[in-house]
Peer 1: 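The structure under discussion is supplied below as structure tokens; questions concerning it will follow.
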Amino acid sequence: MVNEKIIFFAISIAVIFFLQKIILVLVQKASSLQKIPDDVVNGLRLIIKFLMAILSIYSAVYFLEIGDSTTLILSLFLGSVISFASIQTIQNFVSGAYILVTEPFSVNDLVRIGGSEGVVTEISLNYTWILNFEGLIERIPNKKIINSLITNFDQKVVTEDKYVGKLGWMKNIIQSR
């Protein structure tokens with residue numbers, strides 16, 4: 001009886017594993033055919049892996065008849081692993097939302113972010129892509145951008161009267177240009 005339960009559990013884990021692989025391949029193919037942004041694909045991958053982990057725990061509880069305390073411990077362990085694994089993604093996502101809202105730079109701006117310098121080609125929720133002067137694309141995590149000094153060479157000083165009046169000391173500098 002115990003051996004049958006272990007066999008059914010092993011089969012269910014194998015089915016869950018192969019189901020996850022098939023779904024991930026389908027998501028990858030759909031993203032390449034329909035030009036789905038990398039952020040969405042990464043989010044889908046994370047959700048799929050999380051759901052498969054929940055199915056694995058459920059199959060362990062169902063087939064092996066694991067008690068409540070063991071199920072709770074297993075769930076806490078799994079939740080901790082997933083939360084630690086997704087910290088970087090969540091930080092990049094929040095930083096990306098902040099960048100998109102505050103707009104310290106936009107696409108086609110010439111910028112220096114930390115030690116990287118070039119033209120911004122794309123801004124997403126997780127990464128910002130910069131075409132550097134060597135012709136290479138640099139993918140900078142948005143979390144790193146938030147903690148870096150940003151110089152936007154395309155932003156100009158606004159010379160409206162209300163700003164020049166408040167910044168009288170800059171009036172001479174602006175007019176001398």
Side-chain angles (χ1 to χ4, degrees), residues 17 19-54 75-177:
F17 176 77
L19 184 64
Q20 175 181 331
K21 291 292 183 188
I22 290 169
I23 292 172
L24 289 176
V25 167
L26 290 175
V27 166
Q28 187 64 36
K29 285 185 180 182
S31 72
S32 65
L33 292 176
Q34 298 180 0
K35 302 290 182 181
I36 298 172
D38 290 339
D39 300 336
V40 175
V41 173
N42 289 338
L44 284 173
R45 285 181 186 150
L46 185 66
I47 290 169
I48 290 166
K49 288 178 181 181
F50 180 71
L51 290 175
M52 294 303 161
I54 289 174
S75 300
L76 288 172
F77 175 74
L78 180 65
S80 299
V81 168
I82 290 172
S83 65
F84 284 125
S86 61
I87 284 174
Q88 296 296 325
T89 303
I90 292 170
Q91 288 175 339
N92 278 335
F93 181 81
V94 171
S95 300
Y98 180 77
I99 288 170
L100 290 172
V101 169
T102 59
E103 296 181 337
F105 51 83
S106 51
V107 174
N108 295 325
D109 281 357
L110 177 62
V111 297
R112 180 183 307 128
I113 300 172
S116 301
E117 192 169 323
V119 177
V120 177
T121 59
E122 184 178 343
I123 303 169
S124 69
L125 288 174
N126 285 327
Y127 298 96
T128 297
W129 284 265
I130 294 179
L131 176 64
N132 67 19
F133 296 121
E134 297 172 358
L136 301 173
I137 297 284
E138 293 182 46
R139 187 175 83 168
I140 304 172
N142 287 334
K143 176 187 164 213
K144 183 178 176 185
I145 292 173
I146 293 298
N147 296 326
S148 297
L149 177 64
I150 300 170
T151 305
N152 187 342
F153 297 106
D154 286 339
Q155 284 186 341
K156 304 294 181 197
V157 175
V158 178
T159 58
E160 294 179 19
D161 290 336
K162 65 181 182 180
Y163 294 116
V164 174
K166 290 180 181 177
L167 301 172
W169 60 273
M170 287 188 70
K171 187 175 183 179
N172 295 334
I173 296 172
I174 292 171
Q175 289 175 347
S176 69
R177 288 187 179 203

Peer 1: Minimum heavy-atom separation for Val107 to Glu122, with atom names?
Peer 2: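 Answer, listing the atom of Val107 first, then Glu122: CG2-CA, 4.3 Å.
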Peer 1: Okay, side chain of Asn126, backbone of Gly96: is any donor-acceptor separation there less than 3.5 Å?
Peer 2: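 Not confirmed, Asn126 side chain does not pair with Gly96 backbone.
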Peer 1: Decide yes or no for Phe105 and Ile145: does some side-chain heavy atom of the first lie under 4.5 Å from some side-chain heavy atom of the second?
Peer 2: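 Touching, per the 4.5 Å side-chain cut-off.
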Peer 1: Output yes when a side-chain donor or acceptor of Asp109 lies under 3.5 Å from a complementary backbone atom of Val111, and no otherwise.
Peer 2: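 Looks like no, no N/O pair under 3.5 Å.
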Peer 1: Between Glu117 and Thr151, is there a side-chain heavy-atom distance shorter than 4.5 Å?
Peer 2: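 No, too far: nothing below the 4.5 Å cut-off.
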Peer 1: Please round to the nearest 0.5 Å and tell me the distance separating atom CG of Leu131 and atom CD of Glu138.
Peer 2: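 Separation between the atoms: 9.0 Å.
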Peer 1: Please step through side-chain contact (heavy atoms from CB on, under 4.5 Å) for the pair Tyr98 and Asn142, ending with a clear verdict.
Peer 2: CA-CA 9 Å; Tyr98 180 77; Asn142 287 334; over 6 Å; no
Peer 1: Using side-chain contact (heavy atoms from CB on, under 4.5 Å), reason through Phe50 and Ile54 one step at a time and then give a plain yes or no.
Peer 2: CA-CA 6 Å; Phe50 180 71; Ile54 289 174; 3.3 Å; yes
Peer 1: Please report the closest heavy-atom contact between Lys143 and Ser95, naming both atoms and the distance.
Peer 2: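 Looks like CA-OG, 3.5 Å.
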Peer 1: Any donor-acceptor pair under 3.5 Å linking the side chain of Asn152 with the backbone of Pro104?
Peer 2: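 Here the side-chain-to-backbone pair exists.
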Peer 1: Test your reading of the model: is there a side-chain donor-acceptor pair from Thr121 to the backbone of Trp129, 3.5 Å cut-off?
Peer 2: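 Pair found, side chain donor or acceptor close to backbone of Trp129.
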Peer 1: Strictly distance-based, threshold 3.5 Å: is any side-chain N or O of Asn92 a donor or acceptor partner for the main-chain N or O of Tyr127?
Peer 2: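 Side chain of Asn92 to backbone of Tyr127, a donor-acceptor pair under 3.5 Å: no, none is there.
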Peer 1: For Arg45, enumerate each residue passing the salt bridge (charged side-chain N to carboxylate O under 4.0 Å, His left out) test, keeping only those at least two apart in sequence or located in another chain.
Peer 2: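 Testing Arg45 for salt bridge (charged side-chain N to carboxylate O under 4.0 Å, His left out), a comparison that skips the adjacent residues, returns none.
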Peer 1: How far apart are the closest heavy atoms of Ile113 and Ser148, and which atoms are they?
Peer 2: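 So the two residues come closest at CG2-CB, 4.0 Å.
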Peer 1: Could you check whether any side-chain heavy atom of Leu110 comes within less than 4.5 Å of a side-chain heavy atom of Phe133, counting everything from C-beta outward?
Peer 2: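 Answer yes - side chains close enough.
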